[in-house]
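Hydrogens, waters and symmetry mates play no part in the numbers below; they use all other heavy atoms, side chains included. Small disclaimer: the values here were computed from a predicted structure and weren't measured. Below, chains carry the letters A, B, ... as their sequence lines are ordered, and counting in each starts from 1.
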Amino acid sequence: MSDARRVAEVLRAGRPGDDVLVRGWLRTARHAKGVSFLEVSDGSCFAGLQVVADPELPNFEAEVRKLGTGCAVEARGALVESPGKGQRVELQARELSLVGGVDDDYPLQKKRHSFEFLRTIAHLRPRTNTFGAVLRVRNAAARAVHGFFQERGFVLLHAPIITLSDAEGAGEMFPVAGSEEFFGSQAHLTVSGQLEAEIAALALGQVYTFGPTFRAENSNTSRHLAEFWMIEPEMAFCDLAGNADLAEAFLKHVIQQVLADCPDDMTFFDQRIDPGVRERLEHVVASEFERLTYDEAVGLLEGSGRDFEFPVRWGIDLQSEHERWLAEEKVGRPLVVTDYPREIKAFYMYLNDDERSVRAMDVLVPRVGEIVGGSQREHRHDVLRQRMAEAGLPEEQYWWYLDLRRYGSVPHAGFGVGFERLVQFMTGMANIRDVIPFPRVPGYAEF
RNA sequence: UCCCCGGUAGCUCAGCUGGCAGAGCAAGCGGCUGUUAACCGCUGGGUCGUAGGUUCGAGUCCUACCCGGGGAGCCA
């Protein structure tokens, strides 16, 4: 049984005089004439613990003096108040042993690396300040996602990853090799758990999925991945307004939790990655989200006096430049745009009485644009059949989806959130490939 | 997939109208009584993304391809 303590706990609660054992990896080693300073990080928090080693150690000359960045060490000794600046306490080593050395071609240096380079060494980048912080924030966000839904009585649904159904409109799918022989039909990796979530919502009332999804789209951008994690709540007896309210509460809850759980990591993002990100997040938590219909949004855009690359007229889908103008300049806070033209949205969205718009919604936030997309679903059997016919979809393939509209159908609604987009928004990281441990993008699936 | 920019030492980059391949950091060695991305000195380190082409001569000019970045489309 180990009596080792985690650096986060030692820095928070350690008292001078404590006898402490820590284990971790050296961020940096500073060797002066008769003393060595080792910064030991174990990943438990942003900061490392300064370990002081002096010549009394039996292995001082033979081992300690040769320690460098990346070495795995184990240090035991007394915690003392630090006479130097930069840390409250430090560990005066009584025993210091090298657990694993590093070859001299260790690629991580005690200096800034480009994120492009770090991606090529994804097996080592979690040891950097930035990726340690990203992974801790990602963890806190995932915990907050489950916490939000669990507190409200939502049931977690494990949607299938291999699927025969083609969730229309979501994008290109990865085919599963050998699926024809094995399953008797061509199967693909899922692009969305929404249709299965609807099944569960119409039995359990309120459910959510939180799992990997896959898009074979040839998208080369800083906001797209071929494999990403998506959160999809689905609620029975719920309309579009209730859906928007849930999305607003959800975003505020997750952001608030991350700010509370990861203050040091957020300070780093605020100072070094994206100045102002913390204030932006606090603003989102504090503000009421604006609600606009698509008609109103188009009216505002047309009256903006701005010369957009893509001209605005009723019927177009809103472009990135339009979304950002609305969120950043016109409204200055998150907003929910609802009731889009039927032609630009999916077949399963509820058709409004005007018959030209559907009950779709997008949540737009400053800097990122669309972060949540959802809708009230079409629950009327005859209307859904007609919409599928217009979209050219075969009823045979969606027999069970149509069945749900014949047996106890109720109004229901839900939305989807890309988890990495959310982490991007919260950390201010510019490229989505740098907020997932092992990014999959066109031409690249290493690690 | 489209438009623009880039690829030179382990990393970050400089290299002019074509003419001997450079710096800082890292690494190795040495020095320095308490450092904070410590500091000082010395040494080693190159298929200039790949393949063709032009030229007496190509890191530099041309073509194709690969990879990366920014933007766009698609979307989450």
Looking at every strand, decide which applies to [X] at a 4.0 Å heavy-atom threshold: base, sugar-phosphate, or nothing.
{"X": "A:G84", "result": "base"}
{"X": "A:N431", "result": "sugar-phosphate"}
{"X": "A:R65", "result": "base"}
{"X": "A:L422", "result": "nothing"}
{"X": "A:R223", "result": "base"}
{"X": "A:E420", "result": "nothing"}
{"X": "A:E90", "result": "base"}

### Query
The side chain of A:Q319 lies closest to which of these nucleotides: B:rG69, B:rG34, B:rG73?
B:rG73
### Selected nucleotide, minimal atom distance to A:K85 side chain, candidates B:rU36, B:rG69, B:rC75
B:rU36
Considering only atom [atom1], compute the distance from [N] to [M] and round it to an integer number of Å.
{"N": "B:rC3", "M": "B:rG28", "atom1": "C1'", "result": "47 Å"}
{"N": "B:rC13", "M": "B:rG53", "atom1": "P", "result": "32 Å"}
{"N": "B:rG22", "M": "B:rC48", "atom1": "P", "result": "14 Å"}
{"N": "B:rU63", "M": "B:rA26", "atom1": "P", "result": "41 Å"}
{"N": "B:rG69", "M": "B:rA27", "atom1": "C1'", "result": "29 Å"}
{"N": "B:rC16", "M": "B:rU60", "atom1": "C1'", "result": "10 Å"}
{"N": "B:rC32", "M": "B:rA38", "atom1": "C1'", "result": "11 Å"}
{"N": "B:rA14", "M": "B:rG24", "atom1": "C1'", "result": "11 Å"}

Scan every strand shown for a Watson-Crick or G-U wobble partner of [N], both distances under 3.5 Å, and answer none if you come up empty.
{"N": "B:rG45", "result": "none"}
{"N": "B:rC25", "result": "B:rG10"}
{"N": "B:rG19", "result": "B:rC56"}
{"N": "B:rC39", "result": "B:rG31"}
{"N": "B:rC2", "result": "B:rG71"}
{"N": "B:rU63", "result": "B:rA51"}

#### Entry: Reported CG-to-CZ distance for the pair A:D339 and A:R291, which is rounded to 0.5 angstrom
12.5 Å
### Summary
So CZ of A:F115 and OG of A:S222: to nearest 0.5 Å the spacing works out to 13.0 Å
### Task
Kindly indicate whether the side chain of A:S219 and the base of B:rC74 share any N or O donor-acceptor pair separated by less than 3.5 Å?
yes
### Task
Look at the side chain of A:E217 against the base of B:rU1 and say whether a donor-acceptor pair falls under 3.5 Å; ignore hydrogens and angles.
no
### Query
Has the side chain of A:D42 got a donor or acceptor atom that lies under 3.5 Å from a matching backbone atom of A:S44?
yes
### Query
Counting distance only, does the side-chain N/O of A:T221 pair as donor-acceptor with the main-chain N or O of A:R223 below 3.5 Å?
yes
For residues [X] and [Y], report the shortest heavy-atom separation together with the two atoms involved.
{"X": "A:V207", "Y": "A:F154", "result": "O-CD2, 3.4 Å"}
{"X": "A:T209", "Y": "A:A159", "result": "CG2-CB, 4.2 Å"}
{"X": "A:A133", "Y": "A:F269", "result": "CB-CZ, 3.6 Å"}
{"X": "A:A53", "Y": "A:L96", "result": "CB-CD2, 4.0 Å"}

### Query
In terms of the nearest nucleotide of RNA chain B, which residue is placed more toward the 5' end: A:P442 or A:A226?
A:P442
#### Entry: Given RNA chain B, 5'-ward residue of the pair A:E309 and A:G443, judged by closest heavy atom
A:G443
Please tabulate, one pair per line, each protein N/O and nucleotide N/O from nucleotides 38-45 of chain B that are separated by under 3.5 Å, including the distance.
unit_1, atom_1, unit_2, atom_2, d
B:rA38, OP1, A:T28, OG1, 3.0
B:rA38, OP1, A:K110, NZ, 2.9
B:rA38, OP2, A:T28, OG1, 2.9
B:rA38, OP2, A:R30, NH1, 2.8
B:rA38, N6, A:H31, O, 3.2

Verify the contact: side-chain N or O of [X] to OP1 or OP2 of [N], cut-off strictly under 4.0 Å; return yes or no.
{"X": "A:N218", "N": "B:rC74", "result": "no"}
{"X": "A:R433", "N": "B:rG69", "result": "yes"}
{"X": "A:S320", "N": "B:rG73", "result": "yes"}

In whole Å, I'd like the distance from the [atom1] atom of [X] to the [atom2] atom of [N].
{"X": "A:F228", "N": "B:rC74", "atom1": "CZ", "atom2": "C1'", "result": "12 Å"}
{"X": "A:L118", "N": "B:rG69", "atom1": "CG", "atom2": "C1'", "result": "15 Å"}
{"X": "A:L108", "N": "B:rC25", "atom1": "CG", "atom2": "C1'", "result": "14 Å"}
{"X": "A:Q87", "N": "B:rG34", "atom1": "CD", "atom2": "C1'", "result": "10 Å"}
{"X": "A:L225", "N": "B:rC74", "atom1": "CG", "atom2": "C1'", "result": "14 Å"}
{"X": "A:Q194", "N": "B:rC75", "atom1": "CD", "atom2": "P", "result": "14 Å"}
{"X": "A:L26", "N": "B:rA37", "atom1": "CG", "atom2": "C1'", "result": "15 Å"}
{"X": "A:E172", "N": "B:rC74", "atom1": "CD", "atom2": "P", "result": "14 Å"}

### Task
Report, as yes or no, whether the 6.0 Å neighbourhood of atom CH2 on A:W25 holds more than 12 heavy atoms from other residues, nucleotides or ligands.
no
### Query
Among A:Q194, A:R377, A:E378, which one satisfies side chain to side chain donor-acceptor pair (under 3.5 Å) with A:Y348?
A:Q194
### Query
Taking it one step at a time, do A:H146 and A:F210 satisfy ring pair (Phe, Tyr, Trp, His ring centres under 6.0 Å)?
CA-CA 9 Å; A:H146 286 295; A:F210 186 179; 5.3 Å; yes
### Message
Ring-plane angle category for A:Y398 and A:Y401, please: parallel below 30°, perpendicular beyond 60°, tilted otherwise.
### Response
perpendicular
### Query
Do A:F149 and A:F250 have ring centroids that are under 6.0 Å from one another?
yes
### Query
Going 5' to 3' along nucleotides 6-15 of chain B, which nucleotides have protein heavy atoms under 4.0 Å from the base (write B), which only from the sugar-phosphate (write S), and which from neither (write -)?
----BBS---
